[in-house]
Amino acid sequence: MEIGGFTPLSTSDWPGRLCAVVFILGCPWRCGYCHNPELQVRTGHSDIGWASVRETLQRRVGLLDGVVFSGGEPTLDPELPAALHEVRAMGFETGLHSAGIYPARLGPLLPLLGWVGLDVKTSAARYDQLTDRRGSGRAAWRALDTVLASGVDHELRTTYHPALIDDEALMDTAWALRAAGAKRWVLQRLRGVDGAATAQWPDGWAWPEPLLDEVRALGLALTLR
């Protein structure tokens, strides 16, 4: 397993859970606002081995609720299923952060997961521009359908900045989520990313409440972060 980082304790990566987070190297998309760009390249070697992570987790049995696999895009790693089985055998719950890049790989993992945090970046038609990769929207929205159909507990979240997602794109995304059967949606404000022009917020910016009221009127329970 190509591990790019390991956090032994997190209170924010799985709502309501104390967890450890394993960051997997590699992601084929190139979103300009990526918060972990150093994890995009799958180098073929890692300074952190799964054996050392496993040893740390074994010492934390009874202290943590679960383990989240994040990235990068963790479903890219062929050793992820085996790692999930090992973590579950230790008695931990298992969670996953994913952008839905590989829906065919995500589906078989869902029975091994207690929770999925799925990124919904924008409406399907605008994905390719945002990720700089053709066909990314089709993959992401197939992954969304797969997660919703599975019954696995999940969080659908969109990173928001007005320069990334204009009003029309936000509403298009909201309508598509409703049509897919989503019930809850998290909008998380883009935090500063070194070198990203979109990290600058207009003075006095506030959430566009009239627009958010339109989203709520669709029946989506909206959380703002």
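Everything numeric here is computed off the predicted structure, so don't read it as measured data.
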Would you indicate whether the side-chain heavy atoms of [Y] and [X] approach each other to under 4.5 Å?
X	Y	result
Thr223	Leu187	no
Leu110	Thr146	yes
Lys183	Arg178	no
Phe6	Thr56	yes
Pro103	Thr75	no
Leu170	Thr173	no
Leu96	Leu106	yes
Trp115	His97	yes

Scan Lys121, Gln188, Arg189 and name whichever one has a side-chain hydrogen bond (donor to acceptor under 3.5 Å, both in side chains) with Thr159.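 Of all the options given, the one that passes is Gln188.
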Can a donor-acceptor pair be found, under 3.5 Å and without considering hydrogens, that links the side chain of Asp166 to the backbone of Ala169?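 Yes: the side chain of Asp166 pairs with the backbone of Ala169.
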Given 3.5 Å as the limit, does a donor-acceptor pair link the side chain of Arg142 with the main chain of Tyr102, or not?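 No; judged by distance alone, with no hydrogens or angles, the pair does not exist.
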Who passes side chain to side chain donor-acceptor pair (under 3.5 Å) against Arg126, sequence neighbours left out?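 For Arg126 the side chain to side chain donor-acceptor pair (under 3.5 Å) partners, ignoring immediate neighbours, are Ser123, Asp172.
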Whether Tyr160 and Trp205 hold their rings parallel, tilted or perpendicular, with breakpoints at 30° and 60°: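 Rings of Tyr160 and Trp205: tilted, 30 to 60°.
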Hydrophobic clustering (ILVMFWY, side-chain heavy atoms < 4.5 Å, transitive) - are Leu84 and Trp14 grouped together?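 No, because Trp14 and Leu84 fall into different hydrophobic clusters, even though each may have its own neighbours under 4.5 Å.
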Intermediate values then yes/no, salt bridge (charged side-chain N to carboxylate O under 4.0 Å, His left out), Glu55 and Arg60: CA-CA 9 Å; Glu55 289 174 5; Arg60 290 177 174 263; over 6 Å; no
Distance check, rounded to the nearest 0.5 Å: Arg59 atom CZ versus Leu64 atom CG?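 CG of Leu64 is found 11.5 Å from CZ of Arg59.
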Kindly check if the number of other-residue, nucleotide or ligand heavy atoms within 6.0 Å of CG (Asp213) is above 12?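 Buried by this count: over 12 neighbours within 6.0 Å.
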In terms of side-chain heavy atoms, does Trp50 have a donor or acceptor partner in Glu86 at a distance below 3.5 Å?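 Yes - a donor-acceptor pair under 3.5 Å links their side chains.
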